[in-house]
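Read the numbers this way: they start at 1 and go in the same order the structure lists the ligands and their atoms. Position 1 is the first residue of the sequence; numbering continues from there.
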Amino acid sequence: MEIAKELFGKIDGTDVFLFTLVNKSGMQLQVTNYGGIVTSIKVPDKNGKFDDIVLGYDSLKGYLIETPYFGAIVGRCANRISYGKFTLDGKDYTLSLNEGPHHLHGGTVGFDKKIWQATPMTDDSSSSLKLQYTSPDGEEGYPGNLDVTVVYTLTNDNKFQIEYTAKTDKATPINLTHHTYFNLAGTSGRNILDHIIQINADRYCSTNPDLTPTGEILNVEGTNMDFRTPLPIGARIGMVRGGYDHNYILNTKGQFGKAAELYDEKSGRVIEVFTTEPGMQFYSGNFLDGSIVGEYGLVYQKNYGLCLETQRFPDAINQPNFPDNILRPGETYKQLTIYKFGVR
Ligand code: GLA
C-alpha cells in the first residue's frame, strides 16, 4: 500500500502536508499533519457507493479560520478542566482559559493546532502515518516536556486505528483523544438524528450546565442517557439539556473492547468503536449552528455530525471520584482506539 503526499498549505513559512491513505477495497483516509486532522474518510454504502463521512474543509485555510476541533488530535487534556486549575504533588498550576472560566481541549493552542512531524509507513496489509509532537514544559500551563506519538493506520479490513504513546519528564495530567465528526449519510445533507447508536456503558459522568463534570457518576438505567440497546440519537435528544455531550463510562473498564456502534439505516453504513480507554465522550454536534460551511458546500447545522471521543474521564485531575490521569516520568501513556467501518 502506498501513501500519497501533497502540499496542503503553509503556516508561518512551514509546509503543511496532506497525506492520502488508500486500502485494497478503495477506502480512503486523508490526514494533514496540522493538528493530525483527518480531513476525509471515504467509505462505501450498502450499494458500494463511496462518500466522505466526516466533517471538515477542503483547504488548510478553513481549519485556520475556524474549527470546532474537526478531525483533530486533542491534547494535552481533552475536554474541560474546571477553572483551568489543579494541584499536583503539592504544586498549583494554572492553565490557559479558552472556554469562559474553564480550560477546554488543551487550551488556546492545543495539539489540534500544532504542526506534527509526519512519517509515512507502509506494508502489505496496512498503511500508517506516524505523527510526533513534543509539547514543551509550561505549554498552555502544563508541567513537563511531553513527547507524543500518534500512529494512524488504515488496514485492508477497513479499520482506522489510532495508537497513542507519550512520555514526560515531569508529572502531568494527560488525556488524549480524537475529534472526528462523523455523518454516515455522507454528503447527502441529512443530519445524524436518525443514526442509531449503541453505547456499551451502564454509567456516565453527570455535568453542570457549563458542561464541567459535577463529579457524580450516574446510572443510565431508566434515563434518556441509556443507549445500551440501539436507539436513534434523535429519539430522546430533546429531553437532554443541550443534547448529548457526556462522558460514558465504558463497561470494558479500560480493557480493550467494544465501546459503541453507530448505524445509519438508509446508507447501511456502520462504525464500530473499540478502545482501551475507560470513557467515551458522545457529543452530538450541539454547537454546530449553521455558521460553518464546510467541504462540498455543506452547511453544518446543529446535529450535522457527531463525535465518539474515547478518553479518560474529563477533569479527572480535580475529581477525587474519578480514576487518576497523571503520567509520571518513567511511565508510558498508551491508548489504542479503532474505528471499524462496514455496511449492513
Ligand atoms: C467536545 C466537547 C463539546 C464541544 C466540542 C467542540 O466534544 O465535549 O462540549 O466543546 O468538543 O465544539
Side-chain angles (χ1 to χ4, degrees), residues 35-38 54-57 62-63 65-84 95-113 140 162 175-183 191-192 195 197 199 201 204-215 225 227 233 237 240-250 259-260 262 273 275 277-292 294 299-319 322 325 337 339:
I37 294 172
V38 170
V54 307
L55 276 55
Y57 296 104
Y63 294 99
I65 294 172
E66 199 201 347
T67 173
Y69 304 90
F70 285 143
I73 298 170
V74 177
R76 191 177 294 200
C77 281
N79 213 276
R80 295 164 180 84
I81 295 186
S82 304
Y83 301 99
L95 304 175
S96 63
L97 305 179
N98 60 328
E99 195 187 51
H102 305 299
H103 175 87
L104 174 70
H105 288 333
T108 313
V109 188
F111 293 0
D112 60 294
K113 295 177 187 68
E140 299 293 323
I162 311 175
N175 185 12
L176 305 177
T177 195
H178 181 75
H179 213 289
T180 281
Y181 287 68
F182 296 103
N183 182 327
N191 70 25
I192 53 89
H195 284 35
I197 195 165
I199 305 176
Y204 72 102
C205 297
S206 144
T207 51
N208 292 305
D210 64 7
L211 298 173
T212 55
T214 62
M225 303 298 294
F227 283 105
I233 292 168
I237 196 170
V240 177
R241 183 187 61 212
Y244 296 101
D245 195 352
H246 298 83
N247 179 56
Y248 278 83
I249 301 178
L250 300 171
L262 183 70
V273 185
T275 189
E277 292 306 275
M280 187 188 78
Q281 187 84 10
F282 167 36
Y283 170 58
S284 52
N286 315 317
F287 295 121
L288 299 173
D289 60 3
S291 61
I292 293 180
V299 179
Y300 296 149
Q301 302 288 1
K302 187 171 184 182
N303 308 128
Y304 191 74
L306 67 96
C307 303
L308 302 170
E309 307 159 53
T310 55
Q311 62 181 3
R312 295 178 173 188
F313 298 4
D315 202 27
I317 190 79
N318 290 314
Q319 303 290 345
F322 293 179
N325 70 345
T337 293
Y339 298 97

With respect to Leu308, which candidate in Ile199, Ile197, Thr177 satisfies the side chain to side chain contact (heavy atoms under 4.5 Å, CB included) definition?
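Output: one option passes, namely Ile197.
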
I'd like to know if the side chain of His105 reaches the main chain of Asn79, judged simply by a donor and an acceptor atom lying under 3.5 Å from each other, with no hydrogens or angles considered.
yes

Ignoring hydrogens and angles, tell me if any N or O in the side chain of His102 forms a donor-acceptor pair with the backbone of Ser82 under 3.5 Å.
no

For the pair Gln301 and Asn191, evaluate side-chain hydrogen bond (donor to acceptor under 3.5 Å, both in side chains) and give the outcome as yes or no after the intermediate values.
CA-CA 8 Å; Gln301 302 288 1; Asn191 70 25; over 6 Å; no

Would Asn98 and Ser96 count as having a side-chain donor-acceptor pair, cut-off 3.5 Å?
no

Residues in the immediate environment of ligand 1 (any heavy atom closer than 4.0 angstrom)
Pro68, Tyr69, Asn79, Arg80, Leu104, His105, His179, Tyr181, Leu211, Asp245, Gln281, Tyr283, Phe287, Glu309

Between Glu99 and Arg80 (salt bridge meaning N to carboxylate O under 4.0 Å), is one present in this structure?
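Yes, this pair counts.
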
